[in-house]
Asks: 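Here you go, one structure.
Since we're looking at a predicted model, the values are computed, not measured.
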Amino acid sequence: MTCQLSLLAWCSVMVMGTALQSNIEATTVANPIRKVVTMLQNMQKQVEKEGEREKKLYEKFMCYCQSGGKELESSISGAENKVSTLPAEITAAEEKLAQLKDDIKQHQSDRAAAKIAMSKATALRNKEAAEF
């Protein structure tokens with residue numbers, strides 16, 4: 001009998017505990033303040049995650065700005081140095097072009113003279129061959 005009473009007491013404690021727990025859950029679920037607090041906590045977590053992501057993007061952007069700025073500075077200084085030497089290079093290239101054009105004219109006249117000399121020599125040989 002004591003065993004049955006202790007079993008009955010144990011069951012009643014379990015039922016009361018379950019009922020008490022479901023009552024607490026019902027109040028928690030139905031409590032609008034709890035809903036707002038939970039929503040605010042979720043928003044806080046989301047904002048923290050977004051903040052971390054934005055921080056990483058910002059660091060990446062700043063790294064790009066620092067390294068990109070240095071690359072641009074070196075590129076600009078190289079271009080400025082090249083600008084100062086370009087007029088001299090252009091002048092030299094124009095002089096070389098003029099010299100090459102003169103060489104072409106000279107070589108063409110030499111070639112024409114050589115063809116004339118060859119035709120005279122060929123005519124002379126043909127004449128000598130005919131006399132022989």
Asks: In the hydrophobic clustering that connects Ile, Leu, Val, Met, Phe, Trp and Tyr at side-chain heavy-atom distances below 4.5 Å, which members other than Met62 occupy its cluster, ordered by chain and number?
Replies: Tyr58, Phe61
Asks: Could you go step by step and tell me if Leu86 and Glu89 meet the side chain to side chain contact (heavy atoms under 4.5 Å, CB included) rule?
Replies: CA-CA 5 Å; Leu86 280 178; Glu89 290 178 12; 3.7 Å; yes
Asks: Would you mind listing every side chain to side chain donor-acceptor pair (under 3.5 Å) that reaches into residues 103-129, with sequence neighbours excluded?
Replies: Gln99-Asp103, Gln106-Asp110
Asks: Quick check: do Val37 and Arg34 have side-chain heavy atoms less than 4.5 Å from each other?
Replies: yes
Asks: How long is the span from the CZ atom in Arg53 to the CD atom in Glu50, to the nearest 0.5 Å?
Replies: 5.5 Å
Asks: Test your reading of the model: is there a side-chain donor-acceptor pair from Ser67 to the backbone of Cys63, 3.5 Å cut-off?
Replies: yes
Asks: For Glu48 and Gln44, run side chain to side chain contact (heavy atoms under 4.5 Å, CB included): C-alpha distance rounded to whole Å, both residues' side-chain angles, the deciding distance at 0.1 Å, then the answer.
Replies: CA-CA 6 Å; Glu48 287 174 356; Gln44 180 182 6; 3.5 Å; yes
Asks: Going from CD on Glu80 to OG on Ser75, what distance comes out if it is rounded to the nearest 0.5 angstrom?
Replies: 10.0 Å
Asks: Which hydrophobic side chains are connected to Tyr64, either touching it within the sub-4.5 Å cutoff or through other members that do?
Replies: none
